[in-house]
Each structure stands twice: as structure tokens, then as C-alpha cells.
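Order of the sequence lines fixes the chain letters, A, B, ..., with proteins taken first and strands second; residue numbering starts at 1 for each chain.
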Number of protein chains: 2
Amino acid sequence: MTTPAADQTEDEFLARYSLHDHPSMAVTVDLACLTIRGERLAVLLIERGGHPFRGKWALPGGFARADETLSESAHRELAEETATSVAHTEQLGTYGDPGRDPRGHIVSVAYLAFGPDMGNPEPGDDAAAARFWTIEDLDLDGDGNDATIELAFDHRRIITDAVERARAKLEYTTLACAFCATPFTIAELRDVYEAAWGTPLHQANFRRKVLSTPGFVIPVGTAATNGPGRPAELFRRGPATRMNPPLLRPG
Amino acid sequence: MTTPAADQTEDEFLARYSLHDHPSMAVTVDLACLTIRGERLAVLLIERGGHPFRGKWALPGGFARADETLSESAHRELAEETATSVAHTEQLGTYGDPGRDPRGHIVSVAYLAFGPDMGNPEPGDDAAAARFWTIEDLDLDGDGNDATIELAFDHRRIITDAVERARAKLEYTTLACAFCATPFTIAELRDVYEAAWGTPLHQANFRRKVLSTPGFVIPVGTAATNGPGRPAELFRRGPATRMNPPLLRPG
DNA sequence: GTAATAGTGTCTGTGAGACATTATGGC
DNA sequence: GCCATAATGTCTCACAGACACTATTAC
């Protein structure tokens, strides 16, 4: 570590400063891409083609670059590893326990992404496969021993945090729209909540809540019916981001 | 980057793997320690004794160590740089824009800490001074040009995020107790909300809300009065962490 | 017509907001 | 007695929850 001389200017200090003067570690960006598939909350995973954890499933991600913001790194990885277009991304948290990566101390900045269901993407480089798994398949509540698939690194914890963040944010934000392809019906928006929370919601009360929140959704016409039943009104997401008071989970 | 051979085992891979095989950057941990002082929300800052930003005010923090979790690094920095005891810490977010540190690309994991007011701590090594500043002094809403003090790095943004997180979490958690020295009165707990939100709350309704939330506070006796007025009942924090439904900000 | 889905009307209970009142202390 | 603060009582309004009902389509 450089010891600053009392009369040194900041420019002089920086000219003599080297990045090797402080400890250094690797930084990765991992993405928890959530969507609704088959009335279930699902997360995009890739099967690792290389060590470590070859053959295990992991969140898409990669090393952060020094010339990018972390958000830019996240969006680059998203574009590289998946053809998935998402409607919302936000930082979830940073995971830096020693031993989380057998290659050494690697800190991972996890990002949360929401998007409508758009099928399984093509696997990118270094990935043997890429597909969405429902969170029931991952057995997040249990110890993981009953799970159908094995997860790499501490990605089970990251996914658990991502799912809990998503469930909580549905309560007090309008982010459910990010899970819907535009345009969407109130019933489709309700399906988002029911899939994420795993509980049925009251149809009439849900509709009133959404429509009484200014800027939650904007009407854009009426759907053609596909089968019996009254045709549903169509909406797109509005400018509002928060719901006040929140829409609380039943129970 | 190592290219894995198809028949390589994970142990063989790790034996040949070097941390120099991937890009590397420095990771720091910064702390936004909030408290209530003089009926105002305040944040602990240190005046930097060395470059860069010598003489500017900054959040306490330092480099993360490879043998610690990020949370352990945060608590170590808290103990080193301040004698402050805090009642709650949580990760706030990670800031990694290129150019945020003139020494090079340094990623900072910011932590949020809450504690009761306990006076200004002694400055640690590398700090010329340490004291709490009210968030009004920092002029977070403005552009910073009117502020009485200059902040180092992107710490204005980190503090802005910390304050907004704290204000929001008071709504749906019982974290206000973390700002109070035990035991405390309902009025002192209300002072936390009024200081953080900058708005008066209705005395009777606030009391009912707190006491009707199971596990928010636990009665521990009655205070001696200091002056005229009925002596107040005393409480300590209860086991509850969340409030349902939340206590919403007026307006 | 029936079945199926979307949307509306209305009652009720809970709880926040506001105001008045009582309780308990110092002086 | 007066003043100051803490705690309680009570009314009202908004809204979530529940249920019944109407509307519009396919068949």
C-alpha cells in the first residue's frame, strides 16, 4: 500500500499509484432471469460445458470487464449467453463468501431479470444446454437433496434470494407487467401473481385493484376470443412503478 | 482463459488453474451507518487523510480480504474505523462504474448499518476526522453544489440509495427499533419515523399501530419522568421483523 | 339454448385518520 | 390549582375480501 507524503498532490499520488498496490480478486456477474411458464415461476439455467462444475446447472454469467459498468456487463452477458429479451433488470446482491468458487476468491454480483415467456434460448459458448426450470423443480425450500438437478457454486442461494425478491416486489410495484407480452389481459396479469405466489387471487378484487392504481396499465383495445367466453380487454404497462397501498399476499 | 480438455477431471483442471487466468479488479466495502441525531437522520462520514480525495468526506470502508465473507469485511471495517456499535447491518448494493475511483477500476460493495445515536466516534487510521452529518447537510436532493461539504467517489449516490432504502424499510419492517437505545418509549420510536421521513405522525394512531403488530415491541416497565407529564411506558424490540400491513408514509 | 370467460354491483369487516377525552406526573 | 405529556375512546371513511349478478362470446 502506498503511504502518501504529506505534501504530495493528488496528481502526483495517482502517477505513482499502481493497481497492484491493493489486493485484487475476480468479479463476475450472474443473472437470475425469471419468467412465467406453464403457470409456474421459472428461472433460466445453463448446463456448464467446462470446469468447474461441468455438467451442473448454473445461472448464466461471466467475468465483469473493467471498461463497463456492472449493469452493462449484465446486459452483455444476457445477450451473449441467451437470446432472451427481458423487460426489467435490477441488481440483486453480491455474493463473496470464500470457497464459493473452487478456482479461488471470486466475487459475484447477481442481477435479477424479468421477462415474458419466450421459449428456451439457444445455448451460448461454453454451455452444453440452456433452458428454463420451474422453481418447484429446484426444490428451493428443501435441502436440495431431493432436487432433480444439481446447481453449481452458490447459485441455489442466489436463486432463492431472487425468487423471494421477485415475490416481494410484486406486492408494492407494478413489475408484474414485465412478465407479460404486450398487450395482455387482466387475467394474464393475475396469472403472474398466482404463479409467483402459488396462491389463487380473487378475480374481481384483483381487477379493481389494478384498474384503481393510476398508471398501472393502459387500455389498448379488446382481444379476439379463442374459444367460448367474453372477449377480454387488452392493456399495456403504464408509467407507474409503485402501488400504494400494496397488493398483499393472501394468508 | 483456460480451455478445458474434454477428458479433464475437475481436480486436474483446478490443479492447472491460476487466478491470473481471468481479469481481476479490486473490491472494497463501504459502510453507510445511519442514526437519528437531533431529530434528524444522520450518516457517519470520515474526512480522508490520504489520496485520492484527500480532505473530502467519505463513507468509512476499505479493501475486502480474500479470507473473509463480504459481511465479515464490513463488520471489520466498522470496528476498525469507528467505535460505533450498530444494531442492524445489511447489504445495500454494489457500485462498479468505471471512473468511480481515480486509482482504477475498483468495485465497492456498500453496506447499510443502523444504530442508536452514540456520539461522534474517534477517527481511525488514515482518517483526519470522523463525525455524523445530517442528510440535510449533504443536500442529497440537489445537485450537490449547495452542500456544505464535498463527498469523495460516488458516495453521494451511495448515501442517497442508503437513505431511500432506510425510509422504505421503515414502512414494512420493525427496523425502527434498531435506531433506539434499549429501553425506549413509543414517543422515541415515533421520533425515528418522523426524523427519517421528515413528516409528523399522528401520536395515537402510531401507538395503536405499533402495539397491534405482534412482536414489534415488548413492554419492560415504566420510565421515570424528566419534567412534567405522565411517565411513559418502556419497551424493547420484539422478535417480529415485518409489519403487515405496512405503516405507510403520509402524503 | 348451454358452457365458459370477462366484467360489474354491493355488502361487510378491518383498519387508518382524525378528534376528543382521560390519566399521571411536575410545578 | 395549571401545564405538559402519555394513553385511551370513538367516529368516519376508504378499501380489501367475499359473493351475487350481468355481459359477451363459441358451440
Side-chain angles (χ1 to χ4, degrees), chain A residues 39 170-174 176 180 183-194 197 199-236 240 242-251, chain B residues 39 170-174 176 180 183-194 197 199-236 240 242-251:
Chain A
E39 312 207 338
L170 288 181
E171 287 189 326
Y172 59 94
T173 70
T174 63
C180 293
F184 52 83
T185 67
I186 296 290
E188 288 167 346
L189 194 63
R190 184 162 44 84
D191 285 341
V192 172
Y193 281 89
E194 294 183 336
W197 290 348
T199 46
L201 293 182
H202 195 288
Q203 187 211 39
N205 296 333
F206 178 82
R207 177 187 177 87
R208 255 195 304 271
K209 177 67 177 175
V210 171
L211 295 183
S212 68
T213 300
F216 195 158
V217 294
I218 295 173
V220 293
T222 300
T225 62
N226 46 352
R230 175 173 174 172
E233 298 170 8
L234 294 174
F235 300 87
R236 61 180 175 85
R242 289 179 65 88
M243 226 183 326
N244 251 308
L247 173 58
L248 295 174
R249 280 176 263 195
Chain B
E39 313 208 338
L170 289 180
E171 287 189 324
Y172 60 94
T173 71
T174 62
C180 293
F184 52 84
T185 67
I186 297 289
E188 287 166 346
L189 194 64
R190 185 161 43 85
D191 285 342
V192 172
Y193 282 89
E194 294 183 334
W197 290 348
T199 46
L201 293 183
H202 195 286
Q203 188 211 38
N205 297 333
F206 178 83
R207 177 188 178 85
R208 252 197 306 270
K209 177 67 178 174
V210 171
L211 294 183
S212 68
T213 300
F216 194 159
V217 295
I218 296 172
V220 292
T222 301
T225 62
N226 46 351
R230 176 172 172 174
E233 298 170 8
L234 294 174
F235 300 88
R236 61 182 173 85
R242 291 178 64 89
M243 225 184 323
N244 253 309
L247 172 59
L248 295 173
R249 280 177 262 194

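- Mapping A:Glu233 and B:Ser212 onto DNA chain C by nearest heavy atom places A:Glu233 at the nucleotide closer to the 5' end.
- Toward the 5′ end of DNA chain D lies the nearest nucleotide of A:Leu247, the other residue of the pair A:Gly229 and A:Leu247 mapping further downstream.
- In the set C:dT8, D:dA16, C:dT24, the nucleotide with an atom closest to the side chain of A:Ala204 is C:dT8.
- Of all nucleotides listed (D:dA6, D:dT25, D:dA7), D:dT25 comes nearest to the side chain of A:Pro228.
- Rounding to whole angstrom units, CG of residue B:Leu248 and C1' of C:dA16 are separated by 10 Å.
- The CG atom of A:Asn244 sits 14 Å away from the C1' atom of C:dA16 (whole-angstrom rounding).
- Place A:Arg208 and B:Asn205 on DNA chain D by their nearest nucleotides, and B:Asn205 ends up nearer the 5' end.
- Side-chain proximity of B:His202 to C:dA18, D:dA23, C:dG9: nearest is C:dA18.
- We find that OH of B:Tyr193 is positioned 12 Å from P of C:dA16, with the value rounded to whole Å.
- C:dT21 atom P lies 20 Å from atom CZ of B:Arg207, rounded to whole Å.
- With distances taken from any side-chain atom of A:Pro231 to the nucleotides D:dA7, D:dT25, D:dA6, the minimum falls on D:dT25.
- Rounded to whole Å, the distance from CG on B:Leu201 to C1' on C:dG17 is 12 Å.
- Salt bridge A:Glu171/A:Arg242: absent, no basic N to carboxylate O contact under 4.0 Å.
- Here the side chain of B:Glu194 pairs a donor or acceptor atom with the backbone of B:Leu201 at under 3.5 angstrom.
- The line from CZ of B:Arg207 to NE2 of B:His202 is 13.5 Å long, rounded to the nearest 0.5 Å.
- Listed for the A:Thr213 side chain is no donor-acceptor partner under 3.5 Å among the backbone atoms of A:Phe216.
- Residue A:Lys209 places none of its side-chain N or O atoms closer than 4.0 Å to OP1 or OP2 of D:dC15.
- Atom-to-atom, CZ of B:Arg230 to P of D:dC2 comes out at 20 Å; the value is rounded to the nearest Å.
- Residue B:Arg190 contributes atom CZ, which lies 12 Å from atom C1' of D:dA7 at whole-angstrom precision.
- For A:Ile186, counting side-chain heavy atoms from C-beta on, the closest listed nucleotide (D:dT25, C:dG7, D:dA7) is C:dG7.
- Rounded to whole angstrom, the span from the CD atom of B:Gln203 across to the P atom of C:dA23 amounts to 16 Å.
- The backbone N or O of A:Leu170 lies less than 3.5 Å from a partner atom in the side chain of A:Tyr193, making a donor-acceptor pair.
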